[in-house]
Amino acid sequence: MTINILHLYPKEMNLYGDHGNILALKRRCEWRGIKTKIIHHEPGDDIPDDIDIIFGGGGQDSGQSKIEKDLQKIAPQLKDYVEHGTPALVICGLYQLFGNYFETSEGQRIEGSHILDIKTIGGPTRLIGNITINTPEFGEVVGYENHSGLTHLGEDIQSFGTVISGSGNNGEDMTEGVKYKNCIGTYLHGPILPKNPRVTDFLILKALENKTGKTQKLQPLNDRIEQRAHKVATTRPR
Ligand code: GLN
C-alpha cells in the first residue's frame, strides 16, 4: 500500500523546518513497512484524485501573494478532500490561507480557500518564539511560531489546543490553531511533527483508515528520541 502525500507549494511555503514534517511522515510510514509517495504541488499543477494526506507549510506575506491565485483554483478540490475526512496539516501561512482571508499589516487582502472558518489580520508586532500548547487529543504539543497575522476562529470551529506558553492564534484568547474534521491548522513550525509523534501518527492512521475503510491500529515505534526532543523543546525559554 502507498500513502500519497500532497505537499503544497514547497518552494514558496516552507519556513523554519516545515519540510521536516514530510520527512517525519515518510519515515514513520517506512518504519512500519508502509510506502509513501510525495507529490509536490506548484502553481499550475493539477491536483491528483488519489491523495491520502495534505501538507502545507508557512511563508512570508510575499510568498502567500504568489500562491494566492493558484490556491483559488485548487480550493474546491482541497475543500472536498477535507470535507471527506482526508487528514491534513497546514502551518502558519497556509493555515491562514486555508481560512477565509489574510489581511496583511500593510492592508493587502490575500484571499483564502474558505476551507476553515477563520480570518486573519496582520497585527503591529510579530509573535515570535517557542510555544507549548495543550491539546485534547494529543496532550502537550511543542513548536516555534513567527507570525504577524492574528487569527480569529468562527463560531462553530474548534481550536487545536490551548496556549500554555507562547501566543497562539492571536495572543489574546489563548487558543491555538484549529482542528476541523481531520484537518489541523496551526502556527507551530519547528518542524512540529518530528517532536510530536502522536500528531504524525494521527495523520497516518486516518490516511490508512480512509484507504482501507476499516479501523486500523498502527504498529508502535520506539519514540525515545522523539520524546527527548519534545522535552527539550518544552524547557526552551520563550
Ligand atoms: N506571513 C504570515 C504572517 O506573518 C505567515 C508567516 C509564517 O508562515 N510563519 O503572519
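Numbers here are sequence positions counted from 1. When a ligand or atom number is given, it counts from 1 through the structure's own listing order.
One option in Gln60, Gln64, His147 has a heavy atom closer to atom 2 (C) of ligand 1 than any other, and that option is Gln64. Across Ser105, Ser62, Ser148, heavy-atom proximity to atom 3 (C) of ligand 1 is greatest for Ser148. If you check each of Gly58, Gly59, Gly57 against atom 5 (C) of ligand 1, the one with the closest non-hydrogen atom is Gly59. Within the set Gly122, Gly123, Gly93, Cys92, the minimum heavy-atom distance to atom 7 (C) of ligand 1 is found for Cys92.
Using modelled atom types, one finds a donor on one side chain and an acceptor on the other under 3.5 Å when comparing Asn100 with Asp117.
The shell of residues lying under 4.0 angstrom from ligand 1, judged by heavy atoms, excludes Met13.
Taken from CE in Met13 to CD in Glu42, the straight-line distance is 11.0 Å, to the nearest 0.5 Å. From Ser159, atom OG reaches atom OH of Tyr180 across 15.5 Å, with rounding to the nearest 0.5 Å.
Between Ile91 and ligand 1, no pair of N/O atoms sits closer than 3.5 Å. Inclusion of Asp61 in the set of residues having an N or O under 3.5 Å from an N or O of ligand 1 is warranted.
A salt bridge is defined here as a Lys NZ or Arg NE, NH1 or NH2 lying under 4.0 Å from an Asp or Glu carboxylate O, and Glu111 with Arg109 meets this definition.
The atoms of ligand 1 that sit less than 4.0 Å from any heavy atom of Gly149 are 3 (C), 10 (O). With ligand atoms numbered from 1 in the order given, ligand 1 contributes 7 (C), 8 (O), 9 (N) to contacts under 4.0 Å with heavy atoms of Leu15. Near Gln96, meaning under 4.0 Å from one of its heavy atoms, ligand 1 places the atoms 2 (C), 3 (C), 5 (C), 10 (O).
With a 4.0 Å cut-off on non-hydrogen atoms, Glu145 does not touch ligand 1 at all.
Within the hydrophobic cluster formed by Ile, Leu, Val, Met, Phe, Trp and Tyr side chains joined at under 4.5 Å, directly or through other members, Leu127 is accompanied by Leu150.
Stacking of Arg198 on the aromatic ring of Phe138 is not recorded, the 6.0 Å distance cut-off and the 45° axial limit not both being met.
Between Asp201 and the options Lys206, Arg32, Arg27, a salt bridge (Lys or Arg N to Asp or Glu O under 4.0 Å) holds for only Arg32.
Two rings, from Tyr144 and His189, have their centers 6.0 Å or more apart.
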